[in-house]
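Below you'll find the structure, written out as structure tokens, and then a few comments.
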Amino acid sequence: MIRLMRTSDLPAAAHLEQLYFSVPWTERQLKGSLESPEYLFVVAEEQGRVIGYGGLLKVLDEGDITNIVVEEAYRGRGIGRQLVKALLSEGKRCGLNAFTLEVRAGNAAAIHLYESLGFVREGIRRRFYQRPVEDALIMWKREGVSP
């Protein structure tokens, strides 16, 4: 089940950050963002447990997808796709008409997912990621351009 994030989900989201990101957001950072009207977060829940989440920063009429993570044991089941689609849907509901994200250049599975949802590669941020150092692909999905 995909739903909007609640404050009670923050420890689980912070735990996923610690497990899967080299520079994770802390629970405090997540809480500050969740409480901000500029951010939108969704979670994937199974049997009452958060197994993934996604975040989006609203900037004027654009959405910057900041975080997408799914617990490793649940990957390959379309949960990441559901999270991204939920962010796109909620973003559109809020009046956003373009979405962007950065993804590690070597993350072929994520790049494939984003491209299948209509995102296109539009640039590179050299050495954007740390631990390990890696380039980021900049991807955009603009309203009216479908997959």
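If you're wondering where the values come from, they're calculated on a predicted model, not measured in any experiment.
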Margin query: With rounding to the nearest 0.5 angstrom, report the CZ to CZ distance, Phe99 to Arg142.
Written below: 12.0 Å
Next item on the list: Tell me whether Leu88 is reachable from Leu4 by hopping between hydrophobic residues (I, L, V, M, F, W, Y) whose side-chain heavy atoms are closer than 4.5 Å.
Entry: yes
Note to self: Quick check: do Trp25 and Thr66 have side-chain heavy atoms less than 4.5 Å from each other?
What the structure shows: yes
Check: When clusters are formed by joining ILVMFWY residues with side-chain heavy atoms under 4.5 Å apart, either directly or through shared neighbours, do Phe21 and Leu113 land in the same one?
Finding: no
Item checked: Residue pair Arg126 / Phe128, side-chain heavy-atom distance below 4.5 Å -> no
Next item on the list: For residues Phe41 and Leu30, determine if any side-chain heavy atom of one lies less than 4.5 Å from a side-chain heavy atom of the other.
Entry: yes
Next item on the list: Mind checking the CE-OG1 spacing from Met5 to Thr7? Nearest 0.5 Å is all I need.
Entry: 9.5 Å
Next item on the list: May I ask you to test the Ile138-Arg125 pair for a side-chain heavy-atom distance under 4.5 Å?
Entry: yes
Note to self: Tell me if a side-chain donor or acceptor on Arg75 pairs with a main-chain N or O of Val70 at a distance below 3.5 Å.
What the structure shows: yes
Item checked: Heavy-atom side-chain proximity of Val43 to Arg3 below 4.5 angstrom -> yes
Check: Donor-acceptor pair, Ser33 side chain versus Gln29 backbone, under 3.5 Å?
Finding: yes
Next item on the list: Please confirm whether the backbone N or O of Thr100 pairs with a side-chain atom of Lys141, one donor and one acceptor, at under 3.5 Å?
Entry: no
Next item on the list: Identify the heavy atoms of Ile65 and Leu101 that sit nearest to each other, and give their distance.
Entry: O-CB, 3.8 Å
Checklist line | Heavy-atom donor-acceptor pair, Asn107 side chain to Arg104 backbone, under 3.5 Å | finding: no
Notebook entry, point to check: At their closest point, which heavy atom of Ile111 faces which heavy atom of Leu137, and how far apart are they?
Noted result: CD1-CD1, 3.4 Å
Notebook entry, point to check: Which heavy atom of Ser22 sits nearest a heavy atom of Arg131, and at what distance?
Noted result: CB-O, 2.9 Å
Next item on the list: Calculate, to the nearest 0.5 Å, the distance between atoms CD1 and CD1 belonging to Ile79 and Ile68 respectively.
Entry: 12.0 Å
Notebook entry, point to check: Between Ser116 and Arg81, is any pair of side-chain heavy atoms under 4.5 Å apart?
Noted result: yes
Notebook entry, point to check: Is there any side chain to side chain donor-acceptor pair (under 3.5 Å) pair reaching into residues 48-60, and which pairs are they, with sequence neighbours excluded?
Noted result: Glu17-Tyr53, Arg49-Glu71, Arg49-Tyr74, Tyr53-Asn67
Check: Which distance, rounded to the nearest 0.5 Å, do you find between the OG of Ser89 and the CG of Leu40?
Finding: 10.0 Å
Note to self: Testing the basics here: between Ala136 and Glu102, what is the closest heavy-atom pair and its distance to 0.1 Å?
What the structure shows: CB-CB, 4.0 Å
Margin query: Using only atom types and a distance under 3.5 Å, with no angle test, would you say the side chain of Glu122 pairs donor to acceptor with the backbone of Phe119?
Written below: no
Next item on the list: State plainly whether one hydrophobic cluster holds both Ile2 and Ile51, where clusters connect Ile, Leu, Val, Met, Phe, Trp and Tyr through side-chain heavy atoms under 4.5 angstrom apart.
Entry: yes
Margin query: I'd like to know if Leu56 and Val50 are part of one continuous hydrophobic network [Ile/Leu/Val/Met/Phe/Trp/Tyr, side-chain heavy atoms within less than 4.5 Å].
Written below: no
Next item on the list: Mark yes or no for whether Thr26, through its side chain, and Ala14, through its backbone, hold a donor-acceptor pair below 3.5 Å.
Entry: no
Check: Roughly how far apart are Glu27 CD and His15 NE2, rounded to 0.5 Å?
Finding: 12.0 Å
Notebook entry, point to check: Counting distance only, does the side-chain N/O of Tyr114 pair as donor-acceptor with the main-chain N or O of Arg121 below 3.5 Å?
Noted result: no
Check: Side chain of Asp61, backbone of Leu96: donor and acceptor closer than 3.5 Å?
Finding: no
Notebook entry, point to check: Heavy-atom distance under 4.5 Å between the side chains of Val103 and Met139, does that happen here?
Noted result: yes
Notebook entry, point to check: Looking only at heavy atoms, what is the nearest atom pair of Leu83 and Val69, with distance?
Noted result: CD1-O, 3.9 Å
Note to self: I want to check something: taking the side chain as every heavy atom from C-beta on, are Met1 and Gln82 in contact at a cut-off of under 4.5 Å?
What the structure shows: no
